Amino acid sequence: MPHASPRIELRTSPHVQSGRTVEQIMRNVVLALLPICAFSVWQFGLSVAALILTVTAACLATERFFNWMSGEPGTLSDWSATITGLLLALTLPPSFPLWMGAVAGFAAIALGKALFGGLGYNVFNPALVGRAFVQAAFPVSISTWVPAYVPGRFSEFIPTSFGVPLMLPPDLGRWVSQHMVDGYTGATPLARWKFENQVAGAEELLAGMATASVGETSALLILACGLYLAVRRFLDWRIPAAVLGSALLLALVFHLVDPGRYPPPYFVLLSGGLVLGAVFMATDTATSPVTPRGVWIYGAVIGTVTVMIRYFGGLTEGVMYAILLGNALTPLIDQYTQPRVFGAPRRKAPEGKA
Amino acid sequence: MGNGKRETRNPTPASERWFERFPFPVSLFPHSSFRPQTFDRGVHPAGCKSTAGTPIRRLPYAPRLLLPLAQHIGKPAVPLVRPGQEVVRGQPIARADGFMSVPLHAPATGVVEAVELRPSARGPWTETIVLRVFEAATQEVLWAEPRDMDELTPSGIVRAVQDTGMVGLGGAAFPSHAKLTVPKDKPIHTLVVNGCECEPYLTCDHRLMLELTDDLVRGIGYALRAVGAERAVIGVEDNKLDAVAAIRSRLPAGGAVTVQAVPTKYPQGAEKMLIKSLLGLEVPAGGLPSQLGVVVNNVGTLAMLGRLLPAGEGLTERVVTLTGPGIRRPGDYWVPLGTPMRYVLEWAGALTPGPLCPSGCSPGGRGELEVILGGPMMGQAVASLDVPVTKGVSGILVLEARQIARDAPRRSYPCIKCGACVGACPMGLNPAMLGLLAARREYDAMGGEYHLGDCFECGCCTYVCPSGIPLVQQFRVAKGVLRERAAA
């Protein structure tokens, strides 16, 4: 029997959509970050597991708090705060006190994201805002390093993890000397190069033996996870390609000019946080350009500035500031790289854009 | 009409081959020799062209046909009949009102009941001839004046085209004779024949190319003579290679008419995109194809002209694709113009509840349907089932509630500036920026620096948006505001 009058849905075209959602993209980025987290836990033990959980929980709690403050529906389900938490944890040293990690998580979401209006409106990568905040607030803790593969790392915490505010930190040096082989200097490969002119070998960097932040020890694993995201098109492959490509090219030029003073290009690529930053931080969609040409320029700026800071700046590592600078330039880059309209001979940059 | 036919598989389109899914943009190697030339960007929606394998069937007459006087762009036709008057199939019942207008012919033998206001697909009620069809009405056309096409001059052909009441059957419903009228200062050298049918679900042009191949080739000949062009290029998407082969086997000797497969990519069938793909030319922004000496016609239009012109008949029926998960008897049908949507849907089983669809949905089961005239990307949803099939309706797509819920994102997120829309816009616009401006109601900036006027509402940006932002919809609002401001 025919229905007398079925209910008619009325919408305007297009009536179909690709089915891809923000939630799906973010969930896959979280998935891609999990192997990196797991690897760092295996390297550094219980303390890193606790640090990752603490930072992520702080981010989620802060996000929830601002949802409640603004009376908006919860935005935890879009996974973006989880990404911020995981990424932020991966940029911190393994021995970072948990309470400082919580502060970093709060700063990332509060100052980096909520203050601008939440997902999509932030100008800077929230994880890097959190990291910059604690770098300024806790300069000693953020530059204190412990070795990887310490025996007993799954049965005891690194003593500084449970440091408390306003108290003298536990003696990390004694703990390290108790557990570790001889010759441990407590300096990252970049610092050793900068201050002692020692270039770490590629095998040391690739095997995750280097002294580094939680998630910066395995370039190969990070690249593999990034490749998964790129193939499934959850990530713009052009940004890491531009960052790493420009850094490599610049490093190669310097190395050829003065091999004694400047390290070989592989060292620039594999040391520090360049790969993690290029694959997971520079690619944050909200803070990177949307135009095809803009994306290449943005990536090239980040790669170039990173190498410049490392070679000529006072700091040993420059990825964080390079990406933050790239974020700041994004609106400008977008404005001057508008795509050419079909049928238009050449496109002027729009003037007086809001 | 069994399920076996519905499972007919299309050959895998080139665009769905594995290397096309690799995350490198087409624009990286735009003119390399191993890739057929096409336009930049665009999207690849699922084809869903399950009706392509079934021959065109015929729909019976509805008891009443509703014939709006305005089925085309331009001035409405002027009725020639009074209520109570009997007409035969093919008889003119309304005449063209000036140049930008076309006549209307009776699709069936019957009696005119009324000339009154009736709902139209666009919403407002418009003047409509209501025709009650005689029960034993024949499908034979009873009113025709066969003509010798070889004797006609170009302007004679244009007049004959107007007499058929032909409009662009691809959906635009632009009067065909106006398109074939060439201004003296802008000669036409190439006729582009659009056989892309890039909209998902639709297969009526595909079936026409297979079944009315001779009519199509004849129609192309008439159009070439009318515009005085020396060559014609037929562009067909490469998911319809059987149509390419069928046409190629019937082409006249001499090489003036060629057929070319173009990559399957939406919106390949948009005029400007197809010209770019076939000829490598870009229609200037804000301009028309005639500026390049090119005119574009749809295959369906030319096939019908090839059939109607020599016979001297008027346009009384057209091929419509009845499809979608909500339809239990999908296929391509010859539908008499004026057939009410309700009749079509009842006949196709869309209004009958029951678990029959292979995808597991139950058409009309929850009583929620979306009825779309045209394809899913640019088609128009109708608010009332009492609107008729008009000359511009290429397909009737019925989506049911579950499909609607599955395709639309559950919620919308803020713009995360992923740039997917920028990578999809075939016109090279920046929909992300346009969307942000629309949210702030900065319509003047949209129209000025960001070239909103070049948007032809293909819907690619909305299709890809992971945030579920209704970009095209916002652009339509903005265009409306800008039109009002320009008029004020």
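Each chain gets a letter, A, B and so on, in the order the sequences are listed, and its residues count up from 1. Please read all numbers here as calculations on a predicted model, not as lab measurements.
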Given that the side chain runs from C-beta out, which part of [X] has a heavy atom under 4.5 Å from chain A: side chain, backbone, both or neither?
| X | result |
| --- | --- |
| B/Ala383 | both |
| B/Val43 | neither |
| B/Cys415 | backbone |

Check: residues 25-34 of chain A side-chain donor-acceptor pairs under 3.5 Å, at least two apart:
from, atom 1, to, atom 2, distance (Å)
A/Arg27, NE, A/Glu23, OE2, 3.0
A/Arg27, NH2, A/Glu23, OE1, 3.3
A/Asn28, OD1, A/Tyr228, OH, 2.6
A/Asn28, ND2, A/Gln24, O, 2.8

Pairs of heavy atoms under 4.5 Å with chain B: top-ranked of A/Gly118, A/Gly294, A/Gly120
A/Gly120
Charged N to carboxylate O under 4.0 angstrom, A/Arg340 versus B/Glu282?
yes
Who wins among [options] for the most heavy-atom pairs under 4.5 Å with chain A?
| options | value |
| --- | --- |
| B/Ala285, B/Ala420, B/Gly459 | B/Ala285 |
| B/Met273, B/Lys272, B/Lys417 | B/Lys417 |
| B/Met378, B/Glu457, B/Arg476 | B/Arg476 |
| B/Gly286, B/Gly374, B/Gly419, B/Gly379 | B/Gly379 |

Do the side chain of [X] and the main chain of [Y] share a donor and acceptor less than 3.5 angstrom apart?
| X | Y | value |
| --- | --- | --- |
| B/Gln291 | B/Leu288 | yes |
| A/Arg20 | B/Cys465 | no |
| B/Arg41 | B/Gly423 | no |

Would you give me the side-chain donor-acceptor pairs under 3.5 Å for residues 426-435 of chain B, sequence neighbours excluded?
from, atom 1, to, atom 2, distance (Å)
B/Asn430, OD1, B/Ala432, N, 3.4
B/Asn430, OD1, B/Met433, N, 3.1
B/Asn430, ND2, A/Gln338, OE1, 3.1

With a 4.5 Å limit on heavy-atom distance, are the side chains of B/Tyr266 and B/His44 in contact?
no
Less than 3.5 Å apart, any donor N or O on the side chain of A/Ser13 or B/Gln380 sitting next to an acceptor on the other?
no
Tell me whether B/Lys265 forms a cation-pi arrangement with B/Phe39, defined as NZ or CZ under 6.0 Å from the six-membered ring centre and within 45 degrees of its axis.
yes
Residue pairs passing the salt bridge (Lys or Arg N to Asp or Glu O under 4.0 Å) test where at least one lies in residues 108-119 of chain A, sequence neighbours excluded
A/Glu63-A/Lys113
Strictly less than 4.5 Å between heavy atoms, which residues of residues 282-290 of chain A line up against chain B? Please order them by number.
A/Thr285, A/Ala286, A/Ser288, A/Val290
